[in-house]
Amino acid sequence: MNPYGYHSFVDGYVDGPAPGLPDSGLAPEEVLRRHWGYPSFRPMQGEIVRSVLAGHDTVGLLPTGGGKSITFQVPALMLPGLTIVVTPLISLMKDQVDNLRRRHVGAACLHSGMSRAESDYALERCRQGKVKMLYVSPERAASDRFTAIIANWNISLIVIDEAHCISQWGYDFRPSYLRLELLRERFPATPVLALTASATPQVVADIKQRLGMEDAAVFALSFTRDNISFLVRHTEDKYGKLLEILRATTGCTIVYTRSRRKASDLAAMLQREGIDALFYHAGLEAREKAARQDAWQTDRTRVMVATTAFGMGIDKPDVRLVVHYDPPSTLEEYYQEAGRAGRDGKAAVAVLLAGSRDKGTLSRRLAQLFPEKEFVRKVYDEICRFINLPLGEGFGAIFDFKPDVMCARYKLPPAQVMSAIGILDRSGYFDFIEEMDIETQVMIAESREQLYACDFEPVEEVVMNFMLRTYPGLFADLIFVNEDYIARECGITPLALHEILKKWRREHIVTYIPRRGTAQLYITANRVHGAGLSFPKEVYEDRREALGLQLKAMTDFIFDDSRCRVAGMLRYFGETDAADCGKCDVCRSRAKGAASFDAEAFEKRLDSFFAMIAPERWLDTRSLRPHFPHTYDCVVAHIAAMVEQGTLIARDHFVARPAFSMG
């Protein structure tokens with residue numbers, strides 16, 4: 001059963017050239033092979049690509065690891081004009097632009113963390129036709145300045161990544177996405193591709209309605225991950241259970257926690273037990289993050305203990321185990337994080353550790369994520385005080401901002417402050433750009449002839465020659481470079497390299513934009529008194545209601561041991577006919593119970609239960625569950641058989657002996 005109500009080309013599409021394809025001379029598969037080296041598309045990628053090339057508005061639901069980027073990057077190379085990709089993930093922008101440039105594909109990005117000069121340079125390259133894909137943050141994409149600049153450009157495709165952000169029922173609603181309707185209105189004939197990794201049918205319907213694409217073709221890859229066993233382990237000793245799991249398994253592992261402190265503490269404890277582990281969170285310096293990620297990616301470290309800051313853009317195929325030490329707030333988050341296991345298609349395991357206190361933790365999380373409005377107003381005032389922003393000023397300014405330092409200075413609770421920052425961001429008072437790890441960018445500002453005439457010091461000549469060999473395109477574009485790698489290969493310190501690059505910038509030999517690695521605030525409205533702040537209903541009340549439902553679904557997934565965990569999760573995502581997986585802990589327990597169920601012994605035990613109750617009482621079958629925790633399904637099935645045979649009579653979930661008068 002298809003829960004999204006779409007007309008899908010999967011059911012009736014004739015494979016072959018779609019009408020209206022540009023005269024590129026290449027089939028999509030050939031573009032894929034030529035630029036990415038893949039022999040064929042993954043499931044559903046090809047259908048989405050052909051729908052886009054045929055000029056259809058399209059919605060693509062590809063779960064984590066499904067290869068969303070290919071579905072717009074291939075058409076972008078085949079279409080004649082510019083493809084605009086709207087995404088809130090600045091780190092992802094940087095990674096994809098960097099990867100595309102390495103493949104000799106013109107790409108650029110535009111977001112609030114860039115200076116005016118950087119933005120103007122990117123836009124000029126687009127105007128000159130040197131760019132095929134422009135990645136834009138939703139705030140910039142919907143701004144009057146941006147839409148005015150591109151009004152007369154040839155825009156072939158508009159891509160809305162993380163499209164669930166446009167729906168207040170999505171798990172990461174962002175009001176800045178609502179203004180993307182204006183972008184659609186400016187280019188009504190340009191097809192729109194909306195992509196998301198996890199969305200319920202309600203969210204998909206909202207995406208289509210808000211983007212004016214009610215007739216869009218929707219392609220939904222099943223959320224089933226047959227190679228992953230989803231397990232919940234109920235324990236009051238999470239650390240002991242984690243050790244047991246790690247010692248019983250092998251292979252690359254991620255352990256997710258909810259706090260930076262817990263990530264560092266857990267990694268240290270595992271190291272003391274002889275388990276090779278590192279920790280990762282957003283508060284680390286950019287170079288330290290890169291070093292730890294590289295150690296894990298290259299298998300020099302087996303276990304990464306991390307907050308949710310780790311994983312976005314990670315595409316390591318051979319992760320064998322993902323452990324959640326703390327429960328996520330939503331099934332969408334859990335599915336994305338657990339889905340980083342087993343992307344190579346081989347067997348993998350996702351384990352969620354749950355203690356008795358976690359149910360209360362989840363119920364309290366609603367209040368933590370939506371603190372009282374007066375507290376949010378107080379946080380706004382403290383932020384303005386922290387960055388020295390006067391009343392009536394600030395519009396368009398960018399400030400480096402470290403929330404942890406502010407919390408320590410003003411003695412504020414960090415978790416609630418981060419929630420308040422999210423509410424203020426969504427309400428339009430500023431854009432909070434989380435700790436960006438944007439690598440150094442360099443472009444040679446002189447011609448080749450002028451460069452060869454420069455009188456370099458010997459060490460400078462070594463650096464320049466190495467950069468020219470390692471980073472093609474330095475004469476034509478700003479290129480992301482790794483300063484640590486260059487310094488190491490040239491036999492100098494990173495500080496010495498930094499001084500050389502600064503010297504060259506002063507001499508106008510290069511354009512040099514140093515690495516940045518701090519959170520920023522982009523002020524979108526002049527400062528006002530916090531007492532006067534208002535919060536839109538869709539930002540506070542509606543989102544709070546939606547999160548309450550999502551927290552309940554997560555709680556049911558963890559603590560309802562009566563149903564297959566995977567089938568329950570798939571039904572949440574709209575796959576109403578999902579069958580039991582046979583591999584989760586509930587299904588395994590049922591199979592084990594069925595193998596050990598002794599019908600004769602059960603009937604004798606049932607006689608003892610009847611003997612304990614008065615003759616005029618019915619026996620509530622639900623009261624049997626604690627006595628048969630692993631075989632309860634078998635108990636229910638056998639009772640049904642006894643009713644059929646006439647040895648029991650039943651009413652709702654109560655049973656009695658046939659001799660009992662039903663009155």
Side-chain angles (χ1 to χ4, degrees), residues 3-5 59 61 88 138 160 162-181 194 196-211 214 223 258 308 326-337 358-380 413 415-429 431-432 530 533-560 568-576:
Y4 299 97
V59 178
L61 279 80
I160 312 297
E162 307 296 330
H164 57 270
C165 294
I166 202 170
S167 170
Q168 72 261 40
W169 305 111
Y171 71 97
D172 193 20
F173 169 64
R174 300 180 183 228
S176 57
Y177 265 67
L178 296 177
R179 297 196 68 225
L180 296 178
E181 298 173 5
T196 180
S198 52
T200 63
Q202 181 184 26
V203 171
V204 172
D206 210 13
I207 290 169
K208 293 167 69 177
Q209 188 272 324
R210 290 182 180 275
L211 290 174
E214 286 83 357
F223 285 84
R258 294 285 299 183
T308 55
D326 303 306
S329 297
T330 69
L331 279 172
E332 288 93 337
E333 293 174 66
Y334 176 69
Y335 181 81
Q336 286 207 20
E337 291 160 11
D358 285 329
K359 187 177 287 189
T361 298
L362 283 169
S363 66
R364 290 190 296 274
R365 199 166 285 169
L366 188 63
Q368 182 188 81
L369 293 173
F370 283 86
E372 294 296 326
K373 292 181 180 180
E374 284 309 309
F375 178 79
V376 180
R377 294 183 177 106
K378 175 185 176 182
V379 169
Y380 174 82
Q416 287 87 336
V417 165
M418 292 307 299
S419 298
I421 287 172
I423 293 168
L424 290 163
D425 180 307
R426 289 168 169 80
S427 298
Y429 295 105
D431 294 336
F432 175 61
L533 297 185
S534 61
F535 309 106
K537 180 174 178 288
E538 64 268 20
V539 169
Y540 195 89
E541 284 80 8
D542 289 351
R543 253 326 277 138
R544 195 175 190 278
E545 177 188 351
L547 182 61
L549 296 174
Q550 290 163 335
L551 284 164
K552 182 182 183 304
M554 190 73 237
T555 302
D556 290 346
F557 173 83
I558 298 171
F559 295 101
D560 184 354
M569 181 164 57
L570 294 178
R571 283 193 285 270
Y572 174 81
F573 288 121
E575 298 185 27
T576 55

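We use all heavy atoms of the structure for the numbers below, so side chains are in, but hydrogens, waters and symmetry mates are not. As the structure is a computational prediction, the values presented were derived from the model and not from experiment.
With values rounded to the nearest 0.5 angstrom, Thr361 atom OG1 is found 11.5 Å from Leu551 atom CG. For the atom pair Met554 CE and Tyr572 OH, the distance stands at 10.0 Å (nearest 0.5 Å). One distance of note links OG of Ser167 with NZ of Lys208; it measures 13.5 Å at 0.5 Å rounding. A distance of 15.0 Å separates CZ in Arg571 from CZ in Phe223, rounded to the nearest 0.5 Å. Thr555 contributes atom OG1, which lies 9.0 Å from atom CZ of Arg365 (distance to the nearest 0.5 angstrom).
In Glu372, the CD atom is not crowded: 12 or fewer heavy atoms of neighbouring residues, nucleotides or ligands sit closer than 6.0 Å.
At least one side-chain heavy atom of Leu424 sits less than 4.5 Å from a side-chain heavy atom of Leu533. Using a 4.5 Å heavy-atom cutoff, the side chains of Pro328 and Glu337 are in contact. In this structure, the side chains of Thr196 and Val59 stay at 4.5 Å or more apart for every pair of heavy atoms. Looking at heavy atoms from C-beta onward, Pro413 lies in side-chain contact with Phe375 at the 4.5 angstrom threshold.
Judged by a 6.0 Å distance limit and a 45° cone about the ring axis, Lys373 is positioned over the six-membered ring of Tyr540.
Taking the six-membered ring wherever Trp is involved, the centroid distance between the rings of Tyr335 and Phe573 falls below 6.0 Å.
Partner of Tyr177 under the side-chain contact (heavy atoms from CB on, under 4.5 Å) criterion, chosen from Glu162, Arg210, His164: Glu162.
Using a 4.0 Å cut-off between charged nitrogen and carboxylate oxygen, Arg377 and Glu374 count as a salt-bridge pair. Taking a cutoff of 4.0 Å between a charged side-chain nitrogen and a carboxylate oxygen, Glu545 and Lys537 do not qualify as a salt bridge.
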